[in-house]
Amino acid sequence: VQLQASGGGLVQAGGSLRLSCAASGRTFSSYVMGWFRQAPGKEREFVAAISWSGGRTYYAEFVKGRFTISRDNAKNTVYLQMNSLKPEDTAVYYCAARSRGYSYNSEEYDYWGQGTLVTVSS
């Protein structure tokens, strides 16, 4: 499966952005989808994941209540709605697909998008 992330940009603290990740190739609805991020000089970290049906979602503690992951299997797209953004949310955000169950471990994801940069100014 090929993944294409988009929607990043520059936003002021407290603002919002919605990231999208469009998938092509094999059956999108059979994959758990995740969002990860990597800030300069830091390791890639888990942000959120969603089950194949969209019925279950998982979040890193630092985004709970601010970010929402969702998916539209008819459009082969997963979204990350980011509200109340903080400067520390600045990072390259990646979407990823996993053919098995939920995981927060980036090494367990099978396919990756190219990343989209989110910059939050103070």
Side-chain angles (χ1 to χ4, degrees):
V1 63
Q2 292 79 44
L3 303 175
Q4 180 76 34
S6 62
L10 174 64
V11 63
Q12 289 187 334
S16 298
L17 280 175
R18 188 176 81 155
L19 305 184
S20 299
C21 177
S24 60
R26 297 188 177 184
T27 306
F28 173 74
S29 61
S30 65
Y31 288 91
V32 167
M33 298 299 297
W35 285 99
F36 293 79
R37 70 185 187 185
Q38 188 167 18
K42 295 187 177 181
E43 294 187 352
R44 190 170 298 187
E45 61 182 356
F46 171 77
V47 175
I50 188 166
S51 63
W52 64 270
S53 68
R56 293 189 177 184
T57 56
Y58 311 87
Y59 296 95
E61 196 63 36
F62 55 79
V63 302
K64 282 184 179 178
R66 299 190 299 126
F67 292 9
T68 303
I69 188 171
S70 61
R71 67 190 297 163
D72 185 338
N73 287 341
K75 295 182 178 180
N76 284 5
T77 303
V78 63
Y79 305 97
L80 185 68
Q81 177 67 43
M82 305 186 295
N83 299 329
S84 302
L85 283 161
K86 305 175 181 180
E88 52 263 44
D89 293 319
T90 295
V92 177
Y93 284 71
Y94 299 89
C95 59
R98 174 174 162 80
S99 60
R100 289 148 289 176
Y102 156 72
S103 174
Y104 61 84
N105 186 343
S106 62
E107 295 182 359
E108 296 182 353
Y109 281 74
D110 305 303
Y111 303 98
W112 290 85
Q114 86 290 0
T116 185
L117 176 62
V118 172
T119 303
V120 184
S121 63
S122 57

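- Side-chain contacts under 4.5 Å among hydrophobic residues (ILVMFWY), followed directly or transitively, place V32 together with F36, F46, Y58, V92, Y94, Y102, Y104, Y109, W112, L117.
- Between L85 and V11, the shortest heavy-atom distance links the atoms CD1-CG1, 3.6 Å.
- A pairwise comparison of heavy atoms in S16 and N83 identifies OG-OD1, 2.9 Å as the closest pair.
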Exercise for review: Could you walk me through whether Y93 and M82 pass side-chain contact (heavy atoms from CB on, under 4.5 Å), step by step?
Suggested key: CA-CA 11 Å; Y93 284 71; M82 305 186 295; 3.9 Å; yes

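- No donor-acceptor pair under 3.5 Å is formed between the side chain of R37 and the backbone N or O of R44.
- In this structure, OG in S20 is found 11.0 Å from CD in Q4, a value given to the nearest 0.5 Å.
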Practice item. Evaluate the criterion side-chain contact (heavy atoms from CB on, under 4.5 Å) for residue pair I50 and V78; output intermediate values, then yes/no. Key: CA-CA 9 Å; I50 188 166; V78 63; 4.1 Å; yes

Point to revise | side-chain contact (heavy atoms from CB on, under 4.5 Å) between R98 and S103, worked out | key: CA-CA 8 Å; R98 174 174 162 80; S103 174; 3.6 Å; yes

Exercise for review: Check the pair L19, W35 against side-chain contact (heavy atoms from CB on, under 4.5 Å), reporting the backbone distance first and the verdict last.
Suggested key: CA-CA 10 Å; L19 305 184; W35 285 99; 3.7 Å; yes

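- Residues forming a salt bridge (Lys or Arg N to Asp or Glu O under 4.0 Å) with E43 (at least two apart in sequence, or on another chain): none.
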Output side-chain donor-acceptor pairs under 3.5 Å for residues 60-69, partner residues at least two apart or in another chain, one line each.
| unit_1 | atom_1 | unit_2 | atom_2 | d |
| --- | --- | --- | --- | --- |
| E61 | OE1 | K64 | NZ | 3.3 |
| R66 | NH1 | S84 | O | 3.0 |
| R66 | NH1 | D89 | OD2 | 2.7 |
| R66 | NH2 | F62 | O | 2.9 |
| R66 | NH2 | D89 | OD1 | 3.0 |
| R66 | NH2 | D89 | OD2 | 3.4 |

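- Distance alone, capped at 3.5 Å, is enough to place a donor-acceptor pair between the Q114 side chain and the A5 backbone.
- Here the OG atom belonging to S30 is positioned 9.5 Å from the CH2 atom belonging to W52, to the nearest 0.5 angstrom.
- Between the side chain of T77 and the backbone N or O of K75 there is at least one donor-acceptor pair closer than 3.5 Å.
- In this structure, the separation between OG on S70 and CE on M33 is 11.5 Å, given to the nearest 0.5 Å.
- Side-chain contact between Y79 and D72 is present, with at least one heavy-atom pair separated by less than 4.5 Å.
- Considering CZ of R71 and CG of L80, their distance stands at 13.5 Å, rounded to 0.5 Å.
- Between the D110 side chain and the S99 main chain, a donor and an acceptor come within less than 3.5 Å of each other.
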